[in-house]
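Notes follow the structure.
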Amino acid sequence: MAEVSLEEGEPHPMAFDARDWVAKKLAEPKVLFLVQESLASSALADNRAATIMGSTLERLIKSEPVSDRYVLGLAWFLKKLAAAAKEDLRSKEKFLGGENDDT
């Protein structure tokens, strides 16, 4: 298979979909606030990834230019965050629901 590369300045084909997906996921103000606060708290603890993603999110909110790889990175982070939240919720429901409760 021949090597295929993006032209200089050409965005990744999925970057616009990723940007739209991020906007949809963060459309609810409460969710946006929670994500912003989580990233800000982690950034204060010198978490470089949180600093980069927080900055990317702020640039998207302000409709400033953002590199496709930053948008894709933020989308992947939010996807993983949502999956972790679902798993945490399932664990709590299992615990509170009394499954395997010996009492």
Side-chain angles (χ1 to χ4, degrees):
M1 176 177 242
E3 183 177 327
V4 177
S5 298
L6 295 171
E7 297 294 325
E8 183 72 29
E10 178 186 7
H12 188 282
M14 295 308 297
F16 296 110
D17 286 342
R19 181 199 59 203
D20 294 344
W21 184 86
V22 167
K24 182 179 174 185
K25 288 292 179 189
L26 300 178
E28 185 181 335
K30 184 167 82 170
V31 174
L32 175 59
F33 176 77
L34 289 172
V35 170
Q36 286 177 304
E37 288 300 306
S38 297
L39 289 172
S41 295
S42 295
L44 286 173
D46 292 326
N47 181 316
R48 181 161 165 71
T51 302
I52 291 168
M53 287 181 283
S55 174
T56 301
L57 181 55
E58 289 303 313
R59 289 180 8 231
L60 286 171
I61 290 169
K62 295 175 183 176
S63 297
E64 296 176 355
V66 180
S67 169
D68 56 352
R69 67 184 191 157
Y70 287 83
V71 172
L72 292 165
L74 179 61
W76 189 253
F77 164 75
L78 292 173
K79 181 181 180 304
K80 290 183 72 167
L81 183 65
K86 280 184 183 178
E87 183 59 35
D88 185 52
L89 183 59
R90 278 195 293 268
S91 294
K92 287 177 182 173
E93 286 174 346
K94 185 175 180 180
F95 175 75
L96 295 173
E99 284 186 32
N100 299 322
D101 189 2
D102 295 328
T103 59

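Basis for what follows: all heavy atoms, side chains included, without hydrogens, waters or symmetry-related copies. For clarity, every value in this text was computed on a predicted model and none was experimentally measured.
Within the model, atoms OG of Ser42 and CZ of Arg48 stand 15.0 Å from one another, a figure rounded to the nearest 0.5 Å. Atom-to-atom distance recorded for Leu78:CG and Lys25:NZ is 9.0 Å, nearest 0.5 angstrom. Distance check: Asn47 CG to Ser38 OG gives 11.5 Å after rounding to the nearest 0.5 Å.
Partners of Glu37 by side-chain hydrogen bond (donor to acceptor under 3.5 Å, both in side chains), not counting sequence neighbours: none found.
The hydrophobic cluster analysis finds Phe16 isolated: no Ile, Leu, Val, Met, Phe, Trp or Tyr side chain comes under 4.5 Å of it, directly or through other members.
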ask   = Can you check side chain to side chain contact (heavy atoms under 4.5 Å, CB included) on Lys24 and Asp20, steps first, answer last?
value = CA-CA 6 Å; Lys24 182 179 174 185; Asp20 294 344; over 6 Å; no

task = Please lay out, stage by stage, how Leu26 and Leu60 fare under the test side chain to side chain contact (heavy atoms under 4.5 Å, CB included).
result = CA-CA 11 Å; Leu26 300 178; Leu60 286 171; over 6 Å; no

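Taking hydrophobic clusters as Ile, Leu, Val, Met, Phe, Trp and Tyr residues chained together by side-chain heavy-atom distances below 4.5 Å, Leu34 does not share a cluster with Phe77.
Closest non-hydrogen pair, Leu72 versus Met14, comes out as CD2-O, 4.1 Å. Closest approach of Val71 to Ala15, counting heavy atoms only: CG1-O, 3.8 Å. Here the closest heavy-atom approach between residue Ile61 and residue Gln36 is recorded as CD1-NE2, 3.3 Å. Taking all atoms of both residues into account, the shortest heavy-atom contact from Leu39 to Ala50 is O-CB, 3.6 Å.
Side-chain contact between Thr51 and Asp46: absent, with no pair of heavy atoms (C-beta onward) separated by less than 4.5 Å.
For residues 65-92, every residue pair satisfying the side chain to side chain donor-acceptor pair (under 3.5 Å) rule, not counting sequence neighbours, is listed here: Glu87-Arg90, Asp88-Lys92.
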